[in-house]
Number of protein chains: 2
Amino acid sequence: MSATGERRERDRAHRHQLIITAARDLAETEGWDAVTTRRLAERVEYSQPVLYSHFDGKDAIVGAVALAGFDDLATHLRHARQSAPDRPLRALCRAYLGFATERPALYQAMFILPTDLKFASTETPPPLRAAFDEFVSCFRPDNERRELFAEVLWSALHGIAVLSDSGRIPLSGQEQRLDFLVDRLADTTPPMQAPT
Amino acid sequence: MSATGERRERDRAHRHQLIITAARDLAETEGWDAVTTRRLAERVEYSQPVLYSHFDGKDAIVGAVALAGFDDLATHLRHARQSAPDRPLRALCRAYLGFATERPALYQAMFILPTDLKFASTETPPPLRAAFDEFVSCFRPDNERRELFAEVLWSALHGIAVLSDSGRIPLSGQEQRLDFLVDRLADTTPPMQAPT
DNA sequence: ACAGGATGTCTAGCGTTGCTAGAATGCGGC
DNA sequence: GCCGCATTCTAGCAACGCTAGACATCCTGT
């Protein structure tokens, strides 16, 4: 491959990223409804068909934004967990809800809008796996069901995030809900399986 | 009011309901993307503008479907709870997840698609309140925080429902997740507040 | 019974959407 | 310098939610 060919490839990759960040910025300032192919093309200062030479369609662009979001989320959760070694679970939960409320558009792309991303399979992109592993890391390695714990914890947090974001539960009791959830889902205490 | 006027009013109410059920059926068989004003008008055998004489717009139609869905959900949950008096919480959770997986389109209208429904306020429609009260009823009346419990339980179930529906967590472990959740969130045991 | 008015319904069309075919442009290699 | 290929743009399609104005229908008052 020639040198100029490499440069063109770099430019192309750069523009690829430009489209993704432009879509994210536009969504975060004006909502995903405002992210049309025309407005997005105008933002990156190219015509519409250029978008389709980089992505299969609008959904694929949203998916790319979501994928990048999982990288953000994973590092966000990791930092929170590591900065509070004594109570990693609580710190992670708080960070998760913070991420969802502070970046609602990005969160929507990741969890609500239709996307082609493959979850929980062999072809799951690494950023998704990394984010999920942050949840798993909140439980003790000797807990054989920590993946299950992580799934339920994640689900509960997602439910709280999305229901409060859409106004279906009030924002006022958020802190108490978080406290309650952490209390109930932590595995810090030994099994103590009550026979009931 | 004249007799014929009453008849016209009845016809109108009948058609109102016809639009709602047509929208729901179309969504349940082909998904909400297929519910366009044109196709819906064709289904009810009227022209498009008729829809707008009954509803403010497409979102309002979705909202009407959602509102009717809350009636369905409330009775569904109540029956499940009453048919298993010994373990109402578990029965309700199972029924909730069953509702979400068996009627995904209706569930989407209720919880995911944009809607004008007012939740958790003084003007909350009775069906919504009734459905939520089913959650509250799973906890003991002397539990001062049963509303909080209900909110978190609902959120967790919603999270599980939506994440598994969109393939973000596998369907395989659903039963175990449900068991785990019920175990952790039940208030059957007395306070036993551990000081930690 | 019949004209006039109000009510209800439809046809036709506007602006916008995601997406694409074919023309026009510009670059690299000989 | 010129040809050939890749890239980019202009222009347009079908479908979307929604609405204005024409048309038809029914009720009412004389």
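The shown structure was predicted, so the numbers you read here are calculated from the model rather than taken from an experiment. Throughout, protein chains are lettered first and strands after them, A, B, ... in sequence-line order, and every chain is numbered starting at 1.
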Measure from [atom1] on [X] to [atom2] on [N] and round the result to the nearest Å.
X     : N      : atom1 : atom2 : result
A/R12 : C/dC27 : CZ    : C1'   : 16 Å
A/Y52 : C/dG22 : OH    : C1'   : 17 Å
B/D56 : D/dG17 : CG    : P     : 16 Å
B/I61 : D/dG17 : CD1   : C1'   : 10 Å
B/L51 : C/dC10 : CG    : P     : 10 Å
B/Y46 : C/dT11 : OH    : P     : 14 Å

Please determine whether any donor N or O and acceptor N or O are separated by less than 3.5 Å between the side chain of A/Q48 and the base of D/dC9. no

Sequence neighbours excluded - salt bridge (charged side-chain N to carboxylate O under 4.0 Å, His left out) pairs with any residue from residues 93-103 of chain A: A/E28-A/R103, A/D72-A/R103, A/R94-A/E175

Of the listed nucleotides D/dA20, D/dT8, C/dA21, the one nearest the side chain of A/P49: C/dA21

Taking only residues two or more places apart in sequence, or in another chain, which ones meet [X] in a ring-ring contact (aromatic ring centres under 6.0 Å, His included)?
X     : result
B/Y46 : none
B/H79 : none
A/F99 : A/H76

Checking [X] now: which residues fulfil salt bridge (Lys or Arg N to Asp or Glu O under 4.0 Å) with it, not counting sequence neighbours?
X     : answer
B/R39 : B/E30
B/D33 : none
B/D25 : none

Sub-4.0 Å heavy-atom contacts from residues 15-29 of chain A onto DNA chain D, ordered by number: A/R15

Evaluate the criterion ring-ring contact (aromatic ring centres under 6.0 Å, His included) for residue pair B/F70 and B/F132; output intermediate values, then yes/no. CA-CA 9 Å; B/F70 275 100; B/F132 182 70; over 10 Å; no

Report each atom pair, protein N/O against N/O of nucleotides 13-16 of chain D, whose distance is under 3.5 angstrom.
residue, atom, partner, partner atom, Å
D/dC16, N4, B/R38, NH2, 3.3

Worked check of ring-ring contact (aromatic ring centres under 6.0 Å, His included) between B/F135 and B/F149: CA-CA 9 Å; B/F135 282 101; B/F149 278 47; over 10 Å; no

